[in-house]
Amino acid sequence: MKKTCPLLFSLILTMTCFTIAIAQDGQIPAPISITIDSYKSIQELPQPRWLVKEGGSPLSIQDILNGDIKDGQILEVDPNKKIIKHFEKYWFAVEFVSEVDLHNWLLHLENSYTGFGFTNNFSEIRSYAIQDGQLGQSGITGSFVPASQRDYNSRHTQSLLNLSLSSGSSTILWVHIKKNDALTDFFPKLTIYDPSIALPEYTLEKRDLILLGSYLIIWILSLIMFFYLRDRTSFWFFVFLTTANIQFLTGWSSDPWTPLLYPENPKYGLYFGILAAIINVVVTLQFYRVFVNLPMKHRSLDRFMIWTIIVLFFSGFLLPLSIYFENNALVSVFMAIYGGIFLLSGIIYFSLKEPLSIFIGLALVVVIIPQLVPLPFDYNHISITGQLVIVTIAVGYRFILLFRERLQVEKEKKDLVIDQNKLLEKQVAQRTAELSHSIDNLKATQAQLVQQEKLASLGQLTAGIAHEIKNPLNFVNNFSEVSLELLDEVKETRIKRQETRPRTEEDEIEDEILEDIKANLQRIHEHGSRANGIVTSMLQHSRGGSGIKEPADLNALIKEYVNLSFHGMRAGKNPIDVEIELDLDKEIKEVSLVREDFTRVIINLCNNAFDAMRSKLDLAGLEAYHPKLTVRNKAVKSPSGLPAGQAGDLGVEISIEDNGPGIPEEIKDKILQPFFTTKKGTEGTGLGLSITHDIVKAHGGEINIVSQFGRGTTFKIILPMQG
């Protein structure tokens, strides 16, 4: 940035400094003499060698004829140097010596275009014809002169109807020009022509028409692109081209709007051109920041560019103020701001090192360099044309990038659709599995409800039957016990009687009959007691628990009721020593259970294990066999079949393992049936495992039996964590 400031200062200094010849003292030099010796419809004249620059005191034609230039200066004309300044007035003379007749020819002053975008004509031109030392006809024209006051109201305001010469005559033509634009220029090119045969404006406008046609074609393409893309960049590109075309039209050397809209106020054309130029440069910078996407990519830099646009917009009003007040300093201030902003913006865009920003940086340089640096060639329209060409190429490159991006987006969309289809298929499969799982759960719940209803109905039926059977069984058992006691009394009485007399054969027969009766009564009492046990179990089963599942500490419940079963076994008949191992998962806390029911499961399974190990101990002996009961639990997948670890689907497995004799294969499928038992006599009712199975099913669980004959049995109960 520090290196840019000296360069910018030197450029502005170069722009504002102009080379003029040193004022000459003495009389006004003789005018350049031009001999017209042949008839040509258009003839270009040589450039005068000097001109008179007015000072603070205005000069009249009489002052010029008297040789009094007051505080003015005589300046030498150099074709390669700028000499005409704005807000200054100049006089120059041309002597015409005609060898042919000229009638109503026009003198045309062509002021070359300097490239800023508004009309650069002379604001006022007056001509005075001097023949034989006498003032003849005079004329007036200029870009600020109303059309009704001009001698020749052509579209070219620089043409004067002043030349009517006969063969052999001569005329000195004094021309008074005033340049009231905001730029400096070279001395104008002089041309005379016969307007009835050739009109210079046609040859002068050909280049402008070609450029205008090119601009209009690109403008139409930008409009089509906007309707196709409908994004911010294409919109601002369209606005940029629209303002550029308007500026181009207002910058013609023959402004087309002035004679149509305000012929009597031609100064409006200059102000309109200035306004169009200000709007165009502001829109240009706005389009550039949107085109490079500064708002999204470089926000801090974008804020800086917004402020430069605001500064440039408001500083643009210095130009109409400079014309109104005829103050050259205001023009220099604006040119410094304008050139500095465009140069700095170009450097900034170059520094981004992105393809689009490099295009924009180049366009900015192409715009501003011809404005600030004098070039050794005619750069008429080179700034805006070069900018337009570069920007059009950049827009085309961006369009290619957008097309590639859209192809990529379409490909990504297709891939996304494929991925979404796969995801949807996966989700459908998952939802189908979840639905199937829900149906299974519903069926399981329905089965539980049916099972609970069956259990409730069976309980009610069992309770009714049990109560009805209980009374006769009590009578059978009680009277069998009383009958046995009576038989014992009869036997004692008979023994006392037989002591007083010898035994007879009838006594022996009676004793045998009494023994048979006693044996029958004992069997009646034994089987009555067994029936009473069955009825008692049925009554216990029919009572059940509350049926309401509540969270229970599973590990504490297992410990408590395994120990209760063990101590109950030790307090009963035929106790044995059993090693008990508890392998309980500490991570398992609470499980939803009907506590009263599930405790019977633990007790029933432990009691069965103790009975099985007792029977094996009776066969193997104390030294050869050491009974062991192992109780474990762990988290597994729930009975519903879903993997463990999913919320609501985690289950718990409880294993009760003994090293008893095992279960033969032929009865493994029967042991869960009601009233099936392998125990002898009155030792078992056959309801323990059946009741256990029903309770587990009512909890939504399942029970599995793993047994190896001769090596032991494991009952595995799987329950859901949450009921």
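For the single chain, residues carry numbers from 1 onward in sequence order.
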State which residues pass salt bridge (charged side-chain N to carboxylate O under 4.0 Å, His left out) with [X]; sequence neighbours excluded, sorted by chain then number.
{"X": "K413", "result": "none"}
{"X": "D583", "result": "R632"}
{"X": "R303", "result": "none"}

For [X], check ring-ring contact (aromatic ring centres under 6.0 Å, His included) against everything at least two apart and list the hits.
{"X": "F715", "value": "none"}
{"X": "F238", "value": "W219"}
{"X": "Y288", "value": "none"}
{"X": "F598", "value": "H699"}

- Message: Please check this pair: side chain of K634 against backbone of S655, looking for a donor-acceptor N/O pair closer than 3.5 Å.
- Response: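 Looks like no, no N/O pair under 3.5 Å.
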- Query: Hey, is the main chain of E653 close enough, under 3.5 Å, to the side chain of N633 for a donor-acceptor pair?
  - Reply: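 No; judged by distance alone, with no hydrogens or angles, the pair does not exist.
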- Taking only residues at least two apart or on different chains, which pairs with a member in residues 347-363 satisfy side-chain hydrogen bond (donor to acceptor under 3.5 Å, both in side chains)?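 As it turns out, the side-chain hydrogen bond (donor to acceptor under 3.5 Å, both in side chains) pairs with a partner in residues 347-363, which skip direct neighbours, are H298-E354.
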Could you give the side-chain donor-acceptor pairs of residues 419-429 under 3.5 Å, partners two or more places apart or in another chain?
residue	atom	partner	partner atom	Å
N421	ND2	V417	O	3.2

- Note on the structure: Residue pairs passing the salt bridge (charged side-chain N to carboxylate O under 4.0 Å, His left out) test with at least one member in residues 394-404, sequence neighbours excluded, are D231-R398
- Item | Sequence neighbours excluded - salt bridge (charged side-chain N to carboxylate O under 4.0 Å, His left out) pairs with any residue from residues 554-569 | E560-R595
- Sorted by chain and residue number, the side-chain hydrogen bond (donor to acceptor under 3.5 Å, both in side chains) partners of T713 (sequence neighbours excluded) come out as S707
- Query: Looking at D302 and R289, does any basic side-chain N land under 4.0 Å from a carboxylate oxygen?
  - Reply: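 Yes, D302 and R289 are salt-bridged.
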